Amino acid sequence: MIVILKPHPSDDEVRNIEERVRDLGYEPHTIRGEVRTVVAAVGDETTHQSLETLLSIPVVDRVMPVQQKYKLISRETHPDDFVVNVGGIPVGGEVFQVIAGPCAVESQQQVLEVAEHVKGQGACLMRGGAFKPRTSPYDFQGLGEPALEMMARARDAFGLPVVTEVVRESDVELVARYADMLQIGARNALNYSLLEAVADTGKPVLLKRGMASTVNEWLLAAEYIVKRGNRNVVLCERGIRTFETATRNMLDIGAVAIAKKETCLPVVVDPSHAAGRVDLVEPLAKAAIAAGADGLLVEVHPCPEKATSDQAQQLDFDGFTSFMEHIKPYIDLAGKKFGPINR
Ligand code: PEP
Ligand code: MN
């Protein structure tokens with residue numbers, strides 16, 4: 001941290017700041033200029049109190065961080081890509097993964113059919129909602145534990161690890177018993193006690209960006225999980241809420257590039273919830289690959305018009321087959337290896 005003082009501080013004022021910096025556990029290094037004086041505070045900001053408390057002293061003009069606040073996931077400290085192992089499937093690094101499955105689990109037959117189809121097309125992980133965070137309390141809320149059992153059976157039948165959302169703290173233990181990766185949805189993206197609870201399971205976490213979260217808030221949410229000792233975090237951009245209504249959420253491709261640059265964590269993109277309509281899923285997925293994404297989360301349903309949720313955005317089987325065919329050249333161009341190659 002750098003503490004910048006107001007013009008022409010007295011010797012006493014500078015000494016006082018140096019003392020306060022020392023009290024907070026840092027070593028002060030003062031540079032006195034003609035007008036301005038700055039005090040560089042050297043020390044580990046993860047283990048010491050924030051120097052921002054010094055802002056209450058009248059002579060202090062600004063306190064500026066020199067390191068990112070998300071230290072544990074920052075490329076500054078971890079230059080190499082971190083690869084997250086999800087039930088034996090690597091996510092991140094050189095490999096590109098597609099996570100596919102229905103918005104919500106509706107029946108055993110539905111998940112078995114979807115698992116078979118998406119695996120046949122090269123997806124290595126399966127998604128499906130057992131607990132659905134719906135905008136309206138009158139909409140389908142998910143089948144709960146029976147849905148988790150159905151996905152576990154599909155995993156056993158087809159060898160596809162399961163990614164599923166946990167919406168409340170009291171369900172974390174239950175969901176972790178069945179899932180290979182716990183999803184934190186956009187609506188819970190800044191629910192810090194839930195983040196800590198999923199972190200403590202030790203399971204990989206798919207962390208969606210909140211619909212009104214800044215990139216900084218998203219990355220700091222990931223830092224909450226890693227700070228608990230669980231480094232198995234995959235970031236997921238799924239679009240944010242803006243004034244635009246032509247898409248369901250505005251896919252923030254810039255955020256994907258920034259997250260890849262600033263952090264060592266894998267970043268996947270969910271074009272389904274960003275698009276909100278089936279015809280835009282493929283172009284958004286191609287843009288995500290070009291921006292450096294490590295994978296995609298795509299909704300697939302055997303019969304989207306009969307789905308209990310998100311009918312307009314789920315690909316049917318033919319749609320998913322052609323989607324996978326069309327994105328493969330983009331994955332090659334991005335210099336990534338498509339998932340199944342590594343199995
Ligand atoms: C989902 O993936 O099922 C979901 C509800 O997405 P989001 O949290 O991004 O809205
Ligand atoms: Mn959905």
Side-chain angles (χ1 to χ4, degrees), residues 86 97-106 110-111 114 118 123 125-137 139-144 147-148 150-151 162-168 171 175 179-191 194-195 198 204-213 215 217-218 221-222 233-242 247-252 255-256 259 267-278 280-281 284-285 288 293 295-316 319-320:
V86 185
Q97 298 293 9
V98 174
I99 306 165
C103 177
V105 172
E106 295 160 1
Q110 175 224 25
V111 270
V114 174
V118 301
L125 297 144
M126 172 179 49
R127 65 149 284 148
F131 295 95
K132 295 304 301 174
R134 305 305 300 280
T135 303
S136 165
D139 288 342
F140 178 62
Q141 303 286 310
L143 296 177
L148 297 172
M150 291 170 197
M151 272 190 291
V162 166
V163 183
T164 194
E165 180 167 353
V166 53
V167 297
R168 60 186 81 79
D171 291 338
V175 179
D180 299 284
M181 179 177 229
L182 303 175
Q183 177 175 322
I184 295 290
R187 289 156 188 81
N188 265 314
L190 302 179
N191 180 342
L194 181 62
L195 294 175
V198 297
V205 180
L206 182 80
L207 177 62
K208 294 241 189 159
R209 179 180 177 188
M211 57 185 87
S213 296
V215 170
E217 286 166 337
W218 182 34
V233 180
V234 174
L235 296 165
C236 181
E237 161 64 34
R238 46 77 76 200
I240 51 172
R241 179 161 294 175
T242 69
T247 49
R248 184 176 179 189
N249 293 287
M250 186 180 269
L251 184 63
D252 187 356
V256 177
V267 180
V268 304
V269 168
D270 170 355
S272 303
H273 289 90
R277 41 188 267 202
V278 80
L280 294 182
V281 173
L284 296 190
L296 296 166
L297 180 81
V298 185
E299 286 190 342
V300 180
H301 192 286
C303 184
E305 65 266 30
K306 290 197 182 145
T308 51
S309 55
D310 288 351
Q311 296 86 350
Q313 71 194 31
Q314 301 202 59
L315 296 172
D316 63 14
F320 186 66

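All ligand and atom numbering here is 1-based and tracks the order in the structure. Everything numeric here is computed off the predicted structure, so don't read it as measured data. Below, each value reflects all heavy atoms present in this structure, side chains not excepted, and no hydrogens, waters or symmetry copies. Nothing fancy with the numbering, it's 1 onward along the sequence.
Distances between N or O atoms of Leu297 and those of ligand 1 include no value under 3.5 Å. For ligand 1, none of its N or O atoms has an N or O atom of Glu165 under 3.5 Å away. Distances between N or O atoms of Asp270 and those of ligand 1 include no value under 3.5 Å.
Taking every heavy atom of Gly185 and a limit of under 4.0 angstrom, the matching atoms of ligand 1 come to 8 (O).
Taking both residues in full, the closest heavy atoms of Ala123 and Phe320 are given as CB-CZ, 4.4 Å, listed atom of the first, atom of the second, then distance. Closest approach of Arg187 to Pro133, counting heavy atoms only: NE-O, 3.5 Å.
Here the protein heavy atom with the shortest distance to atom 6 (O) of ligand 1 is Lys208 NZ, 3.0 Å. With hydrogens left out, the protein atom closest to atom 9 (O) of ligand 1 is Arg238 NE, 2.6 Å, a heavy atom. Atom 8 (O) of ligand 1 has Ala186 N, 2.7 Å as its closest protein atom, hydrogens excluded (heavy atom only). The nearest protein atom to atom 4 (C) of ligand 1, hydrogens excluded, is given as His273 NE2, 3.5 Å; this is a heavy-atom distance.
Draw a line from the Mn ion (ligand 2) to NE2 of His273 and another to SG of Cys103, and the angle between them is 170° (to 10°).
In terms of distance to the Mn ion (ligand 2), the nearest N, O or S atom of Asp310 is named OD2. Among the heteroatoms counted here (N, O or S) of Glu299, OE2 is the one nearest to the Mn ion (ligand 2).
Under the 3.5 Å distance criterion, the side-chain polar atoms of Glu305 are left unmatched by any main-chain donor or acceptor of Cys303.
Residue-ligand proximity: Met211 is placed with every non-hydrogen atom at 4.0 Å or more from ligand 1.
Each of Leu182, Leu297, Ile184 was compared with Leu206 under the side-chain contact (heavy atoms from CB on, under 4.5 Å) criterion, and only Leu297 meets it. None of Met126, Gln183, Arg127 except one satisfies the side-chain contact (heavy atoms from CB on, under 4.5 Å) rule with Ile99; the exception is Arg127.
No side-chain N or O of Ser272 forms a donor-acceptor pair with one of Gln313 less than 3.5 Å apart.
Residues Arg277 and Arg248 have side chains not in contact (no heavy-atom distance under 4.5 Å, counting atoms from C-beta outward).
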- [ ] Would you sort out whether Lys208 and Asp270 count as a side chain to side chain contact (heavy atoms under 4.5 Å, CB included), showing the intermediate values?
- [x] CA-CA 9 Å; Lys208 294 241 189 159; Asp270 170 355; 2.6 Å; yes
